[in-house]
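Numbers restart at 1 for each chain; the letters A, B, ... are given by sequence-line order, proteins then strands.
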There are 2 protein chains.
Amino acid sequence: MNTAPISHSADEPRWLTAEEQLVWRSYIEAATLLEDHLDRQLQRDAGMPHVYYGLLVKLAESPRRRLRMTELARYAKITRSRLSHAIARLEKNGWVRREDCPSDKRGQFAVLTDEGHEVLRRTAPGHVNAVRQALFDRLTPEQQKSLGEIMRIVAEGLQPREAGADLPWLR
Amino acid sequence: MNTAPISHSADEPRWLTAEEQLVWRSYIEAATLLEDHLDRQLQRDAGMPHVYYGLLVKLAESPRRRLRMTELARYAKITRSRLSHAIARLEKNGWVRREDCPSDKRGQFAVLTDEGHEVLRRTAPGHVNAVRQALFDRLTPEQQKSLGEIMRIVAEGLQPREAGADLPWLR
DNA sequence: CAAGAGAGATTGAGAGTTCAAGTACTGGAG
DNA sequence: CTCCAGTACTTGAACTCTCAATCTCTCTTG
C-alpha cells in the first residue's frame, strides 16, 4: 500500500514518524512523572522543590560553599530571575545567605549556611534512594550509559550559544 | 589504596557512583533545558506553555475531539486540579469548550473547538521542527530507539499504582 | 431505599515561574 | 575623566501549579 510520497518540500514540515512519536511520547511522560515524583518527595521530606534542592547541592559542592548568582544560575540551567526568587525563599528558610562580592559591587554570592548544609545531610539519603528507585534500579548498565550520552548531547545542543539577552546560555 | 569498604548496611545509603552522578546530572540539565526551550517556543508561537499544547493535541487525536477530564489528566500525566485550571484558561482562549457528560452528571468533557484545532494546525509545524532540532536530529536511530525504551521503562515504573488519593496514577 | 464511601471535577490560597522593566555598577572608547 | 554600552542582579505583575478543601453525584451495602 502506497501512502503519500515522503516529499520534503520546503514548507511541508517533516512530521514525526510513528516510531518517533512513541519515543517522544515516552520521553514526555517519563520526564513529567519523574519530575513530579521528585518534587513531591522533596517537598515532603525536605520542604522544597527539586530545583531548590539542586541549588543547595551545587553550593555544597562549591569552594567555601558559595557561588556567584550568575554562575549558580548557569550551572542550574535556570534564569537569573528565577534564581533571585529562589534564593530569596531559601534565605527566608535560613538555608542560604547572600554576601556581597568584594571585587564587584554588583555581584552577590549565594552562601550555603550550616543550617542549609544540615538539611542536605539529613535529606540526601532519601533523595538518592528516590532517584535510584525511579531510574537507576530499573536500567541496565548499558542503558544508563546510553542515557548519559543521549542527554549530554541534547543538553549540549541547547546550551550556551553566544552571549545575549537575559539568558546567555538559554537560547 | 583502599577507601572505605562498600558495605551497604541498612542505614548507609547507596550513594550514586561518579558515573551515575554524571548521567543524572546530564539528565537533569537536558530535561530542564529542553522543557524550557519548548515552553518558550510554544509561548512565543502559540501563546501557551508546552503542557497546554499537549492537551490540545490529545483532544485533537481523540474521537469527536473530546475526552473526559479524568481521562485527559491521566493521558497527560497531570493532576485533575492542574487540568481544571488549564482547561479554564484554554476555555478563555476559545480553544476548548466544556460539555456535560450525559451518562454521568458529575462528568465533564473537554472538547477541542474549531478555533483550537486551527491553532494546532497553524503551530504544529513549528513545534515539530523545534522537537526535531533539539532532539531527533542530534541522535542516531539507535539512540532514539534506546531513549524510547529507557523512558518507557521509567514511565512505567512511576505510573498508575493502585487507585487512591487524588492521583490514582500518581502514587 | 437510605446511608455512606468513593468518584469526578472545581475552587481558592499560597508557592513558584516568567517576562519585562528597573537599579547599580563596570570597563572601555574617546 | 566622561560617557555609555553592557553586566549583575532584583522587582512586580501576571500566570501556572500544588495542596487541601468542597461540592455534586454514583454506587454499593445492608
Side-chain angles (χ1 to χ4, degrees), chain A residues 32 35-44 47-55 67-74 76-93 96 98-110 162-171, chain B residues 32 35-44 47-55 67-74 76-93 96 98-110 162-171:
Chain A
T32 306
E35 188 57 20
D36 270 24
H37 182 64
L38 296 181
D39 264 341
R40 276 174 221 293
Q41 187 267 315
L42 284 171
Q43 193 67 59
R44 173 165 52 74
M48 67 188 127
H50 188 205
V51 194
Y52 288 27
Y53 182 89
L55 296 176
L67 234 31
R68 285 287 293 272
M69 294 294 280
T70 297
E71 218 171 342
L72 180 50
R74 179 176 7 252
K77 267 66 194 165
I78 64 178
T79 63
R80 286 187 195 128
S81 171
R82 188 176 176 183
L83 180 62
S84 268
H85 290 297
I87 293 295
R89 197 276 220 184
L90 292 171
E91 207 171 14
K92 245 177 234 165
N93 284 272
V96 165
R98 282 181 222 246
E99 255 181 49
D100 292 342
C101 174
S103 62
D104 185 338
K105 287 178 189 165
R106 296 166 303 178
Q108 288 276 102
F109 281 105
E162 86 281 4
D166 183 28
L167 315 174
W169 52 92
L170 291 175
R171 53 189 324 262
Chain B
T32 305
E35 189 55 23
D36 270 23
H37 182 65
L38 296 181
D39 264 341
R40 276 175 220 291
Q41 187 267 314
L42 283 171
Q43 193 67 60
R44 173 165 52 73
M48 66 188 129
H50 188 204
V51 193
Y52 289 26
Y53 182 89
L55 296 176
L67 235 30
R68 286 288 293 271
M69 294 296 280
T70 297
E71 218 170 343
L72 180 50
R74 175 171 14 247
K77 267 65 194 167
I78 63 178
T79 63
R80 287 190 195 122
S81 171
R82 186 174 177 185
L83 180 63
S84 268
H85 289 299
I87 293 295
R89 197 274 219 184
L90 291 171
E91 207 171 13
K92 244 177 234 165
N93 284 273
V96 165
R98 284 182 221 246
E99 256 180 50
D100 292 341
C101 174
S103 61
D104 185 339
K105 285 178 190 168
R106 297 167 303 178
Q108 286 277 101
F109 281 104
E162 88 279 4
D166 184 27
L167 314 175
W169 51 94
L170 292 176
R171 37 187 348 254

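Mapping A/R82 and B/L83 onto DNA chain C by nearest heavy atom places B/L83 at the nucleotide closer to the 5' end. Comparing A/M69 and B/V51 against DNA chain D, the residue whose closest nucleotide sits nearer the 5' end is A/M69. The 5' end of DNA chain D is approached more closely, in terms of each residue's nearest nucleotide, by A/R98 than by the other of A/D39 and A/R98.
Contact detail for A/A110 and A/M69: the closest heavy-atom pair is CB-SD, 4.1 Å.
Taking side-chain N and O atoms only, B/R44 has no distance below 4.0 Å to OP1 or OP2 of C/dC19. Between B/R40 and the phosphate of C/dC19, there is a side-chain N or O to OP1/OP2 separation shorter than 4.0 Å. The phosphate of D/dT16 (OP1 or OP2) has a side-chain N or O of B/R89 nearer than 4.0 angstrom.
Across all strands, B/Y52 comes closer than 4.0 Å only to sugar-phosphate atoms, never to a base (heavy-atom distances).
Of the candidate nucleotides C/dG16, D/dT11, C/dA9, D/dT11 has the atom lying nearest to any side-chain atom of A/S84.
For the side-chain contact (heavy atoms from CB on, under 4.5 Å) test, residues two or more places apart in sequence or in another chain that qualify with A/D100 are A/Q108. With sequence neighbours left out, the side chain to side chain donor-acceptor pair (under 3.5 Å) criterion links B/Q41 to B/D45, B/H127. Annotation: side chain to side chain donor-acceptor pair (under 3.5 Å) contacts of B/R98 (sequence neighbours excluded): B/E91. Qualifying side chain to side chain donor-acceptor pair (under 3.5 Å) partners for B/R106, counting only residues two or more places apart in sequence or in other chains: B/D104. For B/T32, the side-chain contact (heavy atoms from CB on, under 4.5 Å) partners at least two apart in sequence or on another chain are A/K77, B/I28. Residues passing the side-chain contact (heavy atoms from CB on, under 4.5 Å) test with B/A86 are B/Y52, B/L55, sequence neighbours excluded.
Scanning residues 99-106 of chain B for heavy-atom distances under 4.0 Å to DNA chain C yields B/R106.
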Set out, line by line, the N/O atom pairs under 3.5 Å between protein and nucleotides 12-14 of chain C.
| residue | atom | partner | partner atom | Å |
| --- | --- | --- | --- | --- |
| C/dG12 | O6 | B/H85 | NE2 | 2.8 |

